[in-house]
2 protein chains.
Amino acid sequence: MKYSEFLKLIPDSKIDICRAAFLEHKDKIQIKKEAVVIKNLEKIFDATLKIGVSKGFQAMTMRDLSAGSGLSMGALYSYFSSKDEILSVYLGQGRKIVKQVLEAFLVKENDPVAKLETVIQIHLFLTEKMHQWFYFSYMEAKNLNPEEMEKSIQSELYTEKLVSDILIEGYKKNIFKDGDHVLGASVIKAMLQDWYLKRGKYARRKIGVDHYAQFIMAFVSAFYLV
Amino acid sequence: MKYSEFLKLIPDSKIDICRAAFLEHKDKIQIKKEAVVIKNLEKIFDATLKIGVSKGFQAMTMRDLSAGSGLSMGALYSYFSSKDEILSVYLGQGRKIVKQVLEAFLVKENDPVAKLETVIQIHLFLTEKMHQWFYFSYMEAKNLNPEEMEKSIQSELYTEKLVSDILIEGYKKNIFKDGDHVLGASVIKAMLQDWYLKRGKYARRKIGVDHYAQFIMAFVSAFYLV
DNA sequence: GTCTATACACAGATAGAC
DNA sequence: GTCTATCTGTGTATAGAC
């Protein structure tokens, strides 16, 4: 699959995140009109992402966020009771989207090689589409409260397990070589993450996501295909 | 080479960093006695690393640092004129050590395969020994001023170039396959960085640095050896 | 060389007008 | 539902005693 095809198959993640955040936090949000909330959550999350990526979430002040989102300080606090809550909600909703999309594409495949290619491609395509969110999520995870931090780690391990399960299945079917499949999944994950962690570098070198996906698949295949 | 042998071959990086920081910033530091400065720089850098890794440099206050280092606020400001200066100096000195050690080991090798193994091992061993410093450096690089940020990026690209040069040399000698060696070096670097970025994960799984180095070398060899 | 005490700015958060 | 004005705590940095 190409990235351009992937884009046509999935809905707009930005609005999904806002709607899901509204539904899940209805009781905590003081404003009641859905349309108003979603419109403003989008402004808040957009500004959080933009400022957070450029200077870090800790360094972003509520005044920065107020200026960036176009809402007053008072208005911000009628949507979230604290600065940290914005981070927790935003990261939590993003994680859900990632899980949903990965599973939706993986369930279509049966062959381990196709599954491996799919998980590599879809992970890269997702991080391409939501690259700022992923970067932000990675960099700010350590500033979460213990409970949310745990969820973040579990989310990481979940995608890693998707990969290791595929490697193990392929080994059992005599398509992949034997080896430490958990460690293998770990380094594959590292290569996938590099795509959004070093996005500027790859952009400067004019390397696109389709090319990167193909390269990673070749690299991994050389080691795993019998 | 094993990590245990590596440790015997290199001097104590902690004291090196402090001494180099003193020599290079003699004029900016108000205190003049070398022994006093080095002793206190060690306290300051140790505390910066410990607190910075756990809560991030931005979130670390000068009061935290004062408590953690055992020096008063006033004393801290007789060594550094601002909080940011501590970060710049500390990261800058660490980068020098990394460069020196990598070059010292690489110069001993001639064969591309041996060179590739050396750069993988020594990079991993260095990041094992200074793992907190590397993690800190990676996470805080984006908070540096533009000038220091540029140095940080250049340092990254420098180690990447060490790898790509080896791949290219090996290709010319018909030992390695052809391909995009810059992209190859990039993903190898990603795998090397994962070692210090996810240190907790590997520790929990009881994977040691020698085993990780051997695995990465096998992974890379499968793709590159003709 | 190191300390304590403090200046001053700015952060997160809230009250109450509109 | 959104705003402005403001409270209160805490941040970096410094002055001056010891």
Side-chain angles (χ1 to χ4, degrees), chain A residues 18 21-22 25-48 51-52 54-90 140 143-145, chain B residues 18 21-22 25-48 51-52 54-90 140 143-145:
Chain A
C18 296
F22 167 68
H25 289 79
K26 247 182 187 163
D27 44 333
K28 288 191 182 173
I29 295 174
Q30 291 172 32
I31 318 303
K32 293 301 161 200
K33 287 186 192 165
E34 172 162 347
V36 175
V37 174
I38 290 180
K39 181 191 69 181
N40 284 334
L41 282 182
E42 194 177 337
K43 286 183 190 169
I44 295 171
F45 288 149
D46 279 356
T48 301
I51 304 167
S54 80
K55 62 156 76 173
F57 184 76
Q58 302 248 13
M60 177 189 82
T61 71
M62 291 302 278
R63 285 175 180 82
D64 289 337
L65 187 58
S66 169
S69 65
L71 280 90
S72 67
M73 297 273 291
L76 289 177
Y77 279 93
S78 59
Y79 289 89
F80 295 97
S81 66
S82 76
K83 189 186 163 188
D84 276 350
E85 197 181 53
I86 301 175
L87 184 62
S88 293
V89 171
Y90 190 35
E140 302 301 337
N143 300 321
L144 292 165
N145 59 55
Chain B
C18 295
F22 168 68
H25 293 265
K26 248 182 187 165
D27 43 335
K28 288 191 181 174
I29 295 174
Q30 292 172 31
I31 318 302
K32 293 302 161 200
K33 286 185 191 164
E34 173 162 348
V36 174
V37 174
I38 290 181
K39 179 192 71 181
N40 284 334
L41 282 182
E42 195 177 338
K43 286 183 189 169
I44 295 171
F45 288 149
D46 278 356
T48 301
I51 304 168
S54 79
K55 61 155 75 172
F57 185 76
Q58 301 246 17
M60 177 189 82
T61 71
M62 291 302 276
R63 285 185 181 90
D64 290 337
L65 186 58
S66 169
S69 66
L71 280 91
S72 68
M73 297 275 291
L76 289 177
Y77 278 94
S78 60
Y79 288 90
F80 295 98
S81 66
S82 75
K83 188 185 162 189
D84 275 351
E85 197 179 52
I86 301 176
L87 184 62
S88 293
V89 171
Y90 190 34
E140 302 302 336
N143 301 322
L144 291 166
N145 59 55

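A donor-acceptor pair is defined here as one N or O able to donate and one able to accept, closer than 3.5 Å; such a pair exists between the side chain of A:Glu140 and the backbone of A:Phe57. Between the side chain of B:Lys32 and the backbone N or O of B:Lys26, at least one donor-acceptor pair lies under 3.5 Å.
Counting heavy atoms from C-beta on, the side chains of A:Leu65 and A:Ile86 come closer than 4.5 Å. When side chains are defined from C-beta on, A:Phe80 does not count as touching A:His25, because their heavy atoms never get closer than 4.5 Å.
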What N/O pairs connect the protein and nucleotides 2-5 of chain C at under 3.5 Å? Give each pair on its own line.
| unit_1 | atom_1 | unit_2 | atom_2 | d |
| --- | --- | --- | --- | --- |
| C:dT2 | OP1 | B:Asn40 | ND2 | 3.2 |
| C:dT2 | OP2 | B:Asn40 | ND2 | 3.4 |
| C:dT2 | OP2 | B:Tyr79 | OH | 2.8 |
| C:dC3 | OP2 | B:Ser72 | N | 2.8 |
| C:dC3 | OP2 | B:Ser72 | OG | 3.0 |

For nucleotides 8-11 of chain D, list the nitrogen or oxygen atoms of the protein found under 3.5 Å from its nitrogen or oxygen atoms, one pair per line.
| unit_1 | atom_1 | unit_2 | atom_2 | d |
| --- | --- | --- | --- | --- |
| D:dG11 | N7 | B:Arg63 | NH1 | 3.2 |

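With rounding to whole Å, A:Phe57 atom CZ is found 14 Å from C:dA11 atom P. Distance CG (B:Leu87) to P (D:dT12): 13 Å, rounded to an integer number of Å. With rounding to whole Å, A:Leu76 atom CG is found 14 Å from C:dA11 atom C1'.
Between the CZ atom of A:Arg63 and the CE atom of A:Met73 there is a distance of 4.5 Å, given to the nearest 0.5 Å. The line from CG of A:Asp84 to CD of A:Gln58 is 8.0 Å long, rounded to the nearest 0.5 Å. To the nearest 0.5 Å, atom CZ of residue B:Phe22 and atom NZ of residue B:Lys28 are 15.0 Å apart.
Aromatic ring pairs are classed by plane angle as parallel below 30°, tilted from 30° to 60° and perpendicular above 60°; the pair B:Phe45 and B:Tyr90 is parallel.
For the pair A:Tyr77 and C:dA13, the criterion of a side-chain N or O lying under 4.0 Å from OP1 or OP2 is met.
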